[in-house]
Amino acid sequence: MGATMVKPLVKNGNILDALPSQVATLHVVMLGLDSAGKTTALYRLKFDQYLNTVPTIGFNCEKVQCTLGKAKGVHFLVWDVGGQEKLRPLWRSYTRKNGRS
Ligand SMILES: Nc1nc2c(ncn2[C@@H]2O[C@H](COP(=O)(O)OP(=O)(O)OP(=O)(O)O)[C@@H](O)[C@H]2O)c(=O)[nH]1
Ligand SMILES: [Mg+2]
């Protein structure tokens with residue numbers, strides 16, 4: 001049985017360094033249970049502050065520009081999807097075009 005070589009996605013522990021240099025906008029979907037902290041993390045990324053949040057009904061979408069490292073200038077379109085149980089059936093509609101589902 002031969003071993004398979006898998007090229008690591010993350011180099012030097014930094015996922016940003018693994019991004020292609022010529023990329024316009026990367027879409028990121030945040031999924032997780034309610035009150036996991038998704039919106040808090042998104043606002044921290046976008047506004048560099050910890051802001052009070054309310055439970056997300058539907059989704060929030062924010063454009064975030066990377067300002068450091070090799071990924072400087074790359075734009076992320078971050079989709080922060082509500083995690084309440086009644087909203088979870090909608091999660092698949094945010095992931096079906098990723099080629100893995
Ligand atoms: N202690 C602690 N509290 C956190 C952290 N991140 C978020 N919170 C708190 O957890 C609560 C829920 O955070 P949200 O960011 O609204 O959670 P969410 O994942 O967006 O929840 P839904 O929108 O319902 O899916 C808020 O009161 C936050 O202040 C954390 O890292 N530590
Ligand atoms: Mg939220």
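Bear in mind that the values here come from a model prediction, so they are computed numbers and not experimental data. Each ligand, and each atom within it, is numbered from 1 in the order the structure gives.
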Minimum heavy-atom separation for Ile57 to Leu87, with atom names? CA-CD1, 4.2 Å
Shortest non-hydrogen contact from Trp79 to Leu77? CD1-O, 3.5 Å
Write out each pair where an N or O from ligand 1 and one from the protein are under 3.5 Å apart, with the distance.
{"unit_1": "ligand 1", "atom_1": "15 (O)", "unit_2": "Thr39", "atom_2": "N", "d": "3.4"}
{"unit_1": "ligand 1", "atom_1": "15 (O)", "unit_2": "Thr40", "atom_2": "N", "d": "2.8"}
{"unit_1": "ligand 1", "atom_1": "15 (O)", "unit_2": "Thr40", "atom_2": "OG1", "d": "2.6"}
{"unit_1": "ligand 1", "atom_1": "16 (O)", "unit_2": "Thr53", "atom_2": "OG1", "d": "2.6"}
{"unit_1": "ligand 1", "atom_1": "17 (O)", "unit_2": "Gly37", "atom_2": "N", "d": "3.2"}
{"unit_1": "ligand 1", "atom_1": "19 (O)", "unit_2": "Ala36", "atom_2": "N", "d": "3.2"}
{"unit_1": "ligand 1", "atom_1": "19 (O)", "unit_2": "Gly37", "atom_2": "N", "d": "2.9"}
{"unit_1": "ligand 1", "atom_1": "19 (O)", "unit_2": "Lys38", "atom_2": "N", "d": "2.9"}
{"unit_1": "ligand 1", "atom_1": "19 (O)", "unit_2": "Lys38", "atom_2": "NZ", "d": "2.8"}
{"unit_1": "ligand 1", "atom_1": "20 (O)", "unit_2": "Thr39", "atom_2": "N", "d": "3.0"}
{"unit_1": "ligand 1", "atom_1": "20 (O)", "unit_2": "Thr39", "atom_2": "OG1", "d": "2.9"}
{"unit_1": "ligand 1", "atom_1": "21 (O)", "unit_2": "Ser35", "atom_2": "N", "d": "2.9"}
{"unit_1": "ligand 1", "atom_1": "23 (O)", "unit_2": "Thr56", "atom_2": "N", "d": "2.8"}
{"unit_1": "ligand 1", "atom_1": "23 (O)", "unit_2": "Thr56", "atom_2": "OG1", "d": "2.9"}
{"unit_1": "ligand 1", "atom_1": "25 (O)", "unit_2": "Lys38", "atom_2": "NZ", "d": "2.7"}
{"unit_1": "ligand 1", "atom_1": "25 (O)", "unit_2": "Gly83", "atom_2": "N", "d": "2.8"}

Regarding Asp34 and Lys86, does a basic nitrogen lie under 4.0 Å from an acidic carboxylate oxygen? no
Verdict with reasoning, Met30 to Thr39, per side-chain contact (heavy atoms from CB on, under 4.5 Å): CA-CA 9 Å; Met30 300 173 77; Thr39 303; over 6 Å; no
Apply side-chain contact (heavy atoms from CB on, under 4.5 Å) to residues Val64 and Val28 and explain how you reach the verdict. CA-CA 10 Å; Val64 179; Val28 176; over 6 Å; no
Shell of protein N/O/S atoms around the Mg ion (ligand 2), taken as anything under 2.8 Å: Thr39 OG1, Thr56 OG1
Do Tyr43 and Asn60 make a side-chain contact, defined as non-hydrogen atoms from C-beta onward lying under 4.5 Å apart? yes
I need the minimum non-hydrogen distance between Trp91 and Val81, along with the two atoms involved. CD1-CG1, 3.8 Å
Residue of the set Lys46, Glu62, Lys38 for which side chain to side chain contact (heavy atoms under 4.5 Å, CB included) holds with Asp80: Lys38
State, yes or no, whether a side-chain contact exists between Arg88 and Leu31 at a heavy-atom distance under 4.5 Å. no
